[in-house]
Undergrad: 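The structure is given below, and queries will be raised subsequently.
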2 protein chains.
Amino acid sequence: MSRGTVSRYVNGERYVSAAARESIEAAIVKVGYVPNTAARNLVMQRSQAVGFIVHEPHALFVEDPNIGEILLGANTALSEADHQMVVLIVDSERDTDRVARYLSGGFVDGVIIVSARANDPISRVVERLAVPAAYVGHPPGASTASFVIIDNSGAARAITERLIGTGRQRIGMIAAALDRDSGADRLAGFTAALGDRFDERLVEAVPLYSYSAGRDGMQALLERAPDIDGVFAASDAVAAGALEALRAAGRRVPDDVGVVGFDDSAWAKRTLPALSTVRQPAAGLGRQAALLVLDQIRGVSAPNEMLLDSAIVWRDSA
Amino acid sequence: MSRGTVSRYVNGERYVSAAARESIEAAIVKVGYVPNTAARNLVMQRSQAVGFIVHEPHALFVEDPNIGEILLGANTALSEADHQMVVLIVDSERDTDRVARYLSGGFVDGVIIVSARANDPISRVVERLAVPAAYVGHPPGASTASFVIIDNSGAARAITERLIGTGRQRIGMIAAALDRDSGADRLAGFTAALGDRFDERLVEAVPLYSYSAGRDGMQALLERAPDIDGVFAASDAVAAGALEALRAAGRRVPDDVGVVGFDDSAWAKRTLPALSTVRQPAAGLGRQAALLVLDQIRGVSAPNEMLLDSAIVWRDSA
DNA sequence: TTGTAAGCGTTATCAT
DNA sequence: ATGATAACGCTTACAA
């Protein structure tokens with residue numbers, strides 16, 4: 001039998017006689033044949049794989065439960081579409097170059113990108129190669145890629161308003177990651193909610209959505225404005241850190257100061273007191289991003305955008 | 001110029017004249033040429049990529065900081081060796097099959113496997129294909145692969161002994177993941193440390209290294225043995241859950257009951273009180289696993305094993 | 001120093 | 001229903 005026949009058999013096409021089928025099966029076990037997908041990809045010009053690019057600062061990747069959730073959501077959707085998700089971690093300059101080469105190598109038919117920053121080299125490569133792409137969050141620059149977002153600004157505004165509603169007078173914010181749209185938008189929502197009452201001395205900007213940044217930020221806020229009685233932390237991890245600083249300073253939560261977070265991640269239910277926060281559909285973000293790339297890969301649709309709902313969860317911290 | 005010359009230029013070999021170099025460079029920018037790595041791999045028979053296979057129950061992948069740390073450690077080492085790390089997530093039956101196909105496709109030159117369970121289909125594929133492999137933890141079955149471990153049993157024994165040393169009389173354990181070597185070994189160490197004083201009614205087995213499993217396990221233990229005054233939780237997440245149950249039951253930690261964990265993950269420093277625990281060199285495990293596969297890929301050495309040190313960290317919970 | 005040509009393991013298009 | 005044969009985009013002798 002010829003390679004052609006074997007190929008047909010392996011791909012389950014019709015027109016393979018029982019006799020051929022049998023001898024092929026025998027040969028396969030005898031030789032221990034496994035199809036070489038790389039060769040197939042070369043001729044097929046597709047890989048049935050989608051990259052998931054994570055470009056987070058070290059600490060955050062480890063402690064942010066959101067990204068794990070997004071990852072799993074994306075994997076589920078890709079798996080259902082019989083695509084392999086390969087996650088690529090960008091943790092250094094070298095990584096950037098290598099990942100760029102990987103993408104041009106035709107190893108993936110599309111990519112999902114989380115937390116890209118303005119002027120991200122990876123984004124530029126993706127755009128130049130015209131690889132189907134979907135961002136979780138706003139794409140940097142004037143990209144033509146798809147993206148999924150939540151209304152960070154609106155949600156921040158809503159939760160701040162509820163904080164106001166509980167009678168807090170001196171409300172501050174620990175703003176994080178202002179170089180990303182999510183961070184900037186949350187601050188914008190906070191500002192909008194406060195209106196006239198906004199006092200810039202009550203906002204402390206920290207670099208990362210991290211526990212330690214939250215602790216430090218709260219400390220700074222307490223020094224600058226000891227009369228603070230409410231704080232919106234840009235994420236649950238930040239809020240958890242703030243809680244520690246508050247505790248160290250002898251302030252009771254929510255009695256002396258109310259605090260609210262953002263994400264409804266694993267942190268939220270496990271801090272003491274449990275956090276009032278914004279629920280973010282992390283797995284849904286991943287899933288939708290996956291569906292958006294798949295659409296582009298299939299040529300079904302042009303790049304598209306999508307807004308997912310978030311909701312306020314009221315617990316004990318405010 | 002011919003393909004051959006271009007190939008030589010691209011791979012930075014010698015014997016390329018200045019004239020040729022120039023016209024090639026011009027052509028490259030003009031056409032926007034990017035090498036197709038898939039084609040190169042096909043002829044070279046290697047991919048310069050190493051798979052990192054994660055096969056964790058859903059919840060754990062999201063909330064276990066260890067795995068993130070291992071991932072990052074491995075990525076650093078692979079990156080230094082100019083290899084692309086691709087992480088493959090196994091979260092369903094379909095995933096298993098797809099990942100197996102991916103491996104046979106020649107997309108990776110080797111694999112790092114975390115938390116494989118006995119009789120793992122992925123492990124069988126890896127073995128059959130004779131892909132260079134390194135496990136973090138003991139490989140299941142009589143594998144010929146490399147692996148990196150810590151002395152789970154010895155560390156468990158040591159921390160239990162220190163718990164005894166603080167005068168606790170009724171010491172129990174929340175044992176987790178007994179179907180994995182790490183879980184089983186920690187229980188063995190605990191048992192050994194207690195010797196005659198071991199009371200099987202004081203150990204509660206839970207399925208996962210998770211917060212909720214810890215909460216439930218502690219509850220069960222409190223019901224069965226209200227006089228318990230010390231507990232070794234199989235991981236920090238489990239310990240954190242146990243702390244919640246203890247708090248709910250009105251027990252003070254460490255006054256009424258001392259608790260110790262395992263891992264020294266992000267949990268440990270952030271629970272109240274902070275956890276006494278075993279420090280596990282998570283990033284180091286990842287790094288060493290990477291080096292072990294790289295060695296095999298280069299044919300430098302046969303499969304090998306490696307033991308990394310752990311240490312006890314004494315904080316406030318016991 | 002450069003060009004030529006074989007070959008990597010598949011799929012796809014033809015004849016047969 | 002099956003066998004040739006030409007791609008796919010690259011590396012690598014070997015010849016020029």
Side-chain angles (χ1 to χ4, degrees), chain A residues 1-49 82-84 98 100-109 125 128-131 297-298, chain B residues 1-49 82-84 98 100-109 125 128-131 297-298:
Chain A
M1 65 249 114
S2 75
R3 320 128 83 62
T5 312
V6 175
S7 175
R8 282 186 285 269
Y9 166 79
V10 170
N11 294 321
E13 282 172 34
R14 52 177 175 268
Y15 303 132
V16 178
S17 71
R21 186 187 316 277
E22 236 172 78
S23 62
I24 291 174
E25 275 163 359
I28 282 184
V29 302
K30 186 162 166 225
V31 193
Y33 169 83
V34 290
N36 180 318
T37 320
R40 166 185 299 182
N41 291 168
L42 180 58
V43 52
M44 303 277 269
Q45 306 282 48
R46 54 171 186 57
S47 64
Q48 293 278 83
D82 206 42
H83 280 246
Q84 177 64 48
R98 211 169 3 73
R101 289 204 314 269
Y102 191 84
L103 296 182
S104 22
F107 286 100
V108 293
D109 297 336
V125 173
R128 193 165 57 70
L129 263 44
V131 179
I297 291 174
R298 297 183 186 123
Chain B
M1 64 254 111
S2 75
R3 317 130 84 60
T5 311
V6 175
S7 175
R8 281 186 284 268
Y9 166 79
V10 170
N11 295 323
E13 282 172 34
R14 52 176 176 269
Y15 302 133
V16 178
S17 70
R21 188 187 315 278
E22 236 173 78
S23 63
I24 290 175
E25 275 163 0
I28 280 184
V29 300
K30 186 162 166 225
V31 193
Y33 171 83
V34 290
N36 180 319
T37 321
R40 166 186 296 182
N41 291 168
L42 180 58
V43 50
M44 304 275 268
Q45 308 281 48
R46 55 173 185 56
S47 64
Q48 293 278 82
D82 204 42
H83 279 245
Q84 177 64 48
R98 212 171 0 75
R101 286 201 320 265
Y102 191 84
L103 297 182
S104 23
F107 286 99
V108 294
D109 296 337
V125 173
R128 192 165 57 70
L129 261 45
V131 179
I297 290 173
R298 296 183 186 123

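Chain A is the first sequence line, chain B the second, and so forth, proteins listed ahead of strands; every chain is numbered from 1. As the structure is a computational prediction, the values presented were derived from the model and not from experiment.
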Undergrad: Closest to the A/Arg3 side chain: D/dG9, C/dT11, C/dG3?
TA: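 So the nucleotide nearest the side chain must be C/dT11.
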
Undergrad: Taking 4.0 Å as the cut-off, does a side-chain nitrogen or oxygen of A/Asn41 come that near to OP1 or OP2 on D/dC8?
TA: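 So the side chain of A/Asn41 is outside the cut-off, no N or O lying under 4.0 Å from OP1 or OP2 of D/dC8.
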
Undergrad: Less than 4.5 Å apart, any side-chain heavy atom of A/Val34 and any of B/Arg128?
TA: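 Yes, close enough: below the 4.5 Å cut-off.
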
Undergrad: Is there a donor-acceptor contact under 3.5 Å from the side chain of A/Arg21 to the main chain of A/Val16?
TA: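 Yes, A/Arg21 side chain to A/Val16 backbone: donor-acceptor pair under 3.5 Å.
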
Undergrad: Compare every heavy atom of B/Ala39 with every heavy atom of A/Leu42, then report the nearest pair and how far apart it is.
TA: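 Minimum heavy-atom contact is CD1-CB, 3.6 Å.
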
Undergrad: Parallel, tilted or perpendicular, judged at 30° and 60°: which one describes the rings of B/Phe107 and B/Tyr102?
TA: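 B/Phe107 vs B/Tyr102 ring planes: parallel.
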
Undergrad: My understanding is that only one of B/Thr5, B/Val10, B/Val6 makes a side chain to side chain contact (heavy atoms under 4.5 Å, CB included) with B/Arg8; could you say which?
TA: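 The single option meeting the side chain to side chain contact (heavy atoms under 4.5 Å, CB included) with B/Arg8 is B/Thr5.
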
Undergrad: If you check every side-chain atom of B/Gln45, which of C/dC8, C/dT2, C/dG3 has the closest atom?
TA: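 Comparing C/dC8, C/dT2, C/dG3 against the side chain of B/Gln45, the answer is C/dC8.
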
Undergrad: Given atom OH of A/Tyr9 and atom P of D/dG3, what is their separation to the nearest angstrom?
TA: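 Taking atom P of D/dG3 as the reference, OH of A/Tyr9 is at 16 Å.
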
Undergrad: Choose from D/dT2, C/dG9, C/dG3 the nucleotide whose nearest atom is closest to any side-chain atom of B/Ser2.
TA: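 Among the listed nucleotides, the one closest to the side chain of B/Ser2 is C/dG3.
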
Undergrad: Measure from the side chain of B/Ser7, starting at C-beta and using heavy atoms only, and say which of C/dT2, D/dT11, C/dT10 lies closest.
TA: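 Out of C/dT2, D/dT11, C/dT10, the nucleotide with an atom closest to B/Ser7's side chain is D/dT11.
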
Undergrad: Return the 5'-most residue of the pair B/Met44, A/Asn11 with respect to DNA chain C, ranking by each residue's nearest nucleotide.
TA: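 The residue closer to the strand's 5' end, by nearest nucleotide, is B/Met44.
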
Undergrad: Looking at D/dG9, D/dA7, C/dT2, which one has an atom nearest to any side-chain atom of A/Val43?
TA: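 Of the candidates, D/dA7 comes closest.
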
Undergrad: Nearest whole angstrom, please: distance from the C1' of D/dG9 to the CZ of A/Phe107.
TA: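 To the nearest whole Å, that distance equals 12 Å.
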
Undergrad: Can you tell me how far C1' of C/dC8 sits from CG of B/Leu42, to the nearest Å?
TA: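 These atoms are roughly 4 Å apart.
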
Undergrad: I want to verify a distance call: between D/dG9, D/dT2, C/dT2, whose nearest atom is closest to the B/Ala20 side chain?
TA: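 Closest nucleotide among those given: C/dT2.
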
Undergrad: Any side-chain N or O of B/Arg40 below 4.0 angstrom from OP1/OP2 of D/dT11?
TA: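 Indeed, a polar side-chain atom of B/Arg40 lies that close.
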
Undergrad: Return the value, rounded to whole Å, for the distance between atom CZ of A/Arg101 and atom C1' of D/dG9.
TA: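 A/Arg101 atom CZ is separated from D/dG9 atom C1' by 18 Å.
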
Undergrad: Quick check for you: among D/dT2, C/dT11, D/dG9, whose closest atom lies nearest to any side-chain atom of B/Ala39?
TA: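 Within the option list, the nearest is D/dG9.
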
Undergrad: Nearest to the B/Thr5 side chain among C/dG7, C/dA12, C/dG3, which nucleotide is it?
TA: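 Nearest nucleotide to the side chain: C/dG3.
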
Undergrad: Between B/Arg8 and B/Tyr33, just flag the one whose closest nucleotide in DNA chain D comes earlier from the 5' side.
TA: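 Nearer the 5' end of the strand: B/Tyr33.
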
Undergrad: Within the structure shown, what part of the strands sits under 4.0 Å from B/Val16 by heavy-atom distance: base, sugar-phosphate, or nothing?
TA: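 Sugar-phosphate contact only.
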
Undergrad: Can you tell me the distance, in whole Å, between the CZ atom of A/Arg46 and the P atom of D/dC8?
TA: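 About 17 Å, once rounded to whole Å.
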
Undergrad: Given D/dC8, is OP1 or OP2 found less than 4.0 Å from the side-chain N or O atoms of B/Asn36?
TA: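 For D/dC8, neither OP1 nor OP2 has a side-chain N or O of B/Asn36 closer than 4.0 Å.
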
